[in-house]
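In this text, all values refer to a predicted model and were calculated from it rather than measured experimentally. Naming: A, B, ... by sequence-line order, numbering from 1 per chain.
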Protein chains: 2
Amino acid sequence: MDPHLIRTFVTVARCASFSTAAEELGYTQSAVSQQIAALEADLGVPLLRRRPVTPTDAGRRLLEHAAPILLRLDAARADIRRASGAPPAHLRAGASPLADSGRLAEALVRVRRSMPRVSVALSVLGREGVVTGVARGELDLGLVDGVTAPSDPLRLSDAGALTSTVVGESPLAAVLPAGHPLAGRATLRLDDLADAWWIDAPDAATPLAQLRAVARADGFRSGFGYDGAELSVLLALVAAGAGLALLPESVARDRPDVAAVRLAAPAPVHRTELVHGGLTGPAAACARLLQP
Amino acid sequence: MDPHLIRTFVTVARCASFSTAAEELGYTQSAVSQQIAALEADLGVPLLRRRPVTPTDAGRRLLEHAAPILLRLDAARADIRRASGAPPAHLRAGASPLADSGRLAEALVRVRRSMPRVSVALSVLGREGVVTGVARGELDLGLVDGVTAPSDPLRLSDAGALTSTVVGESPLAAVLPAGHPLAGRATLRLDDLADAWWIDAPDAATPLAQLRAVARADGFRSGFGYDGAELSVLLALVAAGAGLALLPESVARDRPDVAAVRLAAPAPVHRTELVHGGLTGPAAACARLLQP
DNA sequence: ACAACTTACGGGGGCCGTAACAATT
DNA sequence: AATTGTTACGGCCCCCGTAAGTTGT
């Protein structure tokens with residue numbers, strides 16, 4: 001189970017082709033063929049059906065394990081690099097779209113003002129992207145948002161030695177078209193919304209899987225997906241009747257075509273957490289500015 | 001970051017010696033020396049101080065990552081083996097000391113009675129041991145106990161594709177010597193016990209770290225450790241005044257020398273969960289018998 | 001001086017590339 | 001027939017073992 005082999009296996013499965021994967025990895029397709037054969041021999045199970053190239057059941061299992069394994073490996077390397085070596089002269093921050101990036105931006109500017117020699121960069125990525133970026137050491141800190149029961153930690157994908165602290169919470173609201181029958185209500189219960197139709201927008205809104213976990217209920221069907229992270233697009237979709245979305249209450253203000261109805265207590269909350277793998281140098285200064 | 005190298009590194013660090021590790025691994029100490037050198041070259045950091053052999057900061061970081069990484073690798077292999085291949089003709093079960101092993105034993109006996117050709121084995125291990133055993137495929141199912149807030153999952157070490165279901169809960173009690181000033185109370189609050197002295201018995205009682213996490217408080221000091229899993233030994237220690245222990249209420253019955261005082265609501269509970277990596281064959285039958 | 005880790009060096013096995021082969025469309 | 005994956009073979013590199021070298025106690 002050489003990570004090297006896992007990596008090529010993942011690539012082959014994604015490309016659904018030995019030759020394309022070989023090109024992408026800089027090998028000959030013969031080498032790739034041999035690597036897959038070696039992996040299958042090691043595990044004693046065929047992982048791919050050929051022509052067309054499709055993962056077997058065993059292969060699908062391996063695919064599920066591959067990403068976390070490779071991530072942990074990268075995270076370990078990054079963590080070790082952090083442990084030794086001078087604190088960096090730059091600050092790379094990441095934020096998921098619904099995290100309070102305004103506050104982060106302000107903190108970054110203040111850091112740069114007080115330490116003019118450090119270069120600062122901010123990236124907005126999906127939740128996964130932020131967490132994995134921090135884990136891999138590509139980001140010095142990240143602001144990730146999510147939905148949980150109050151006073152419960154966010155369930156982030158586990159990459160090992162990451163620590164996270166709460167930097168903000170805000171009430172959640174179901175966002176619906178302005179004319180919707182429920183739009184007049186003062187509050188709503190999450191359970192009552194399980195039967196509604198939702199927009200599946202894992203980056204721009206609350207992922208439906210997270211929603212089901214928090215509500216401890218199935219349902220939350222979706223017939224409409226949105227893969228981007230643009231809030232305005234999502235709100236336009238809601239207004240057009242594509243489905244509902246669960247968002248922090250504040251985002252729906254100043255839009256006449258949608259209505260936000262706050263969830264009734266006991267309700268899950270929208271929380272943003274600061275994620276990092278050990279704060280040193282400029283990142284530590286930035287983190288201090290983000291504390292309430 | 002070849003897993004092979006990580007493995008030897010862990011062994012060397014544990015043995016605090018290249019030569020002893022080499023013997024244990026079946027290599028020459030020269031080979032081990034070269035492997036460590038290769039790993040250090042790959043990471044660009046010294047991992048060990050020599051003479052005496054001691055991990056550096058970076059090495060300590062790697063040690064923390066190593067176990068989860070190697071576990072996940074093993075877990076992936078086990079998961080793939082499970083996915084392909086006939087359901088086994090045996091049933092290997094594990095339980096942590098405070099899990100309801102009586103109920104498990106009964107279920108195992110009934111399984112064996114209805115399927116006389118399957119061989120059954122039961123091991124009592126530490127909590128970690130059960131979870132890792134199931135993850136590695138050495139156990140078909142495990143019964144693990146722990147302490148959490150009600151309606152909160154047990155926080156098990158993450159090895160990937162394991163699923164767990166609740167099979168039982170019982171109230172928690174602080175166990176104290178019979179003559180203790182608090183022994184007469186009807187109930188106690190966990191917060192009030194943070195300043196007491198506790199027995200650090202991670203396998204036989206609630207691990208103190210878990211206690212602090214549930215209580216959301218520091219404290220729970222310890223001046224006395226017990227490494228075994230024997231409940232009678234632990235209760236004898238409590239009776240002798242070594243410290244307090246948090247246990248399911250039932251275990252302290254029939255012992256005149258200790259008193260169990262139930263925790264006042266809202267209190268954490270003692271819960272045992274069934275852990276498995278996909279139920280097939282006899283394991284599925286056993287799991288059905290364990291459902292309430 | 002000894003114990004223990006490192007370095008030098010040689011052999012063998014594994015890994016990749018070239019090229020011929022096989023199988024599927 | 002063309003495309004794509006497999007097998008055969010040869011070279012190179014990596015890895016381990018032997019043995020000499022170095023270092024800290």
Close aromatic pair by centroid cut-off 6.0 Å: A:His4 and A:Tyr27: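 Ring centroids of A:His4 and A:Tyr27 are less than 6.0 Å from each other.
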
Taking [atom1] from [X] and [atom2] from [N], how many angstroms apart are they, rounded to a whole number?
X       : N      : atom1 : atom2 : answer
B:Glu40 : C:dC5  : CD    : P     : 13 Å
B:Leu25 : D:dC16 : CG    : C1'   : 13 Å
A:Leu48 : D:dT4  : CG    : C1'   : 14 Å
B:Phe18 : D:dG24 : CZ    : P     : 14 Å
B:Arg50 : C:dA3  : CZ    : C1'   : 16 Å
A:Asp2  : C:dC15 : CG    : C1'   : 11 Å
A:Glu23 : D:dT4  : CD    : C1'   : 14 Å
A:Leu39 : C:dG14 : CG    : P     : 16 Å

A:Ser123 side chain vs A:Gly94 backbone, donor-acceptor pair below 3.5 Å: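 Not a single qualifying donor-acceptor pair exists.
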
Of B:Phe224, B:Phe220, B:Tyr226, the residue whose pairing with B:Trp198 passes ring pair (Phe, Tyr, Trp, His ring centres under 6.0 Å):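 Among the candidates, only B:Phe220 passes.
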
5′-ward residue of the pair A:Pro52/A:Leu5 relative to DNA chain C: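 With A:Pro52 and A:Leu5 compared, the 5'-side residue is A:Leu5.
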
A:Ala31 vs B:Val53, nearer the 5' end of DNA chain C by closest nucleotide: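 The residue mapped nearer the 5' terminus is B:Val53.
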
Distances for protein N/O vs nucleotides 19-22 of chain D N/O pairs under 3.5 angstrom?
none

B:Ser164 and B:Glu273: side chain donor to acceptor below 3.5 Å: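 Distance-only check passes for B:Ser164 and B:Glu273.
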
A:Arg61 and B:Arg82: CA distance, side-chain angles, deciding distance, side-chain contact (heavy atoms from CB on, under 4.5 Å) verdict: CA-CA 10 Å; A:Arg61 285 312 227 312; B:Arg82 260 193 295 262; 5.6 Å; no

Sugar-phosphate only, base, or nothing, as touched by A:Ser19 at under 4.0 Å among non-hydrogen atoms: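 The answer is sugar-phosphate, as A:Ser19 gets under 4.0 Å only of primed atoms, P, OP1 or OP2.
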
Among C:dT6, C:dC16, D:dG17, the nucleotide that comes nearest once only the side chain of B:Gln34 is considered: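 The answer is D:dG17.
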
B:Arg155 atom CZ: more than 12 heavy-atom contacts under 6.0 Å: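 Open: at most 12 neighbouring heavy atoms sit under 6.0 Å from CZ of B:Arg155.
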
Atom CZ of B:Arg50 with >12 non-hydrogen neighbours under 6.0 angstrom: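 Yes - once you tally the heavy atoms of other residues, nucleotides and ligands closer than 6.0 Å, there are more than 12.
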
Should [X] be listed as having a side-chain N or O under 4.0 Å from OP1 or OP2 of [N]?
X       : N      : result
B:Ser33 : C:dT6  : yes
A:Ser17 : D:dT4  : no
A:Gln35 : C:dC16 : yes

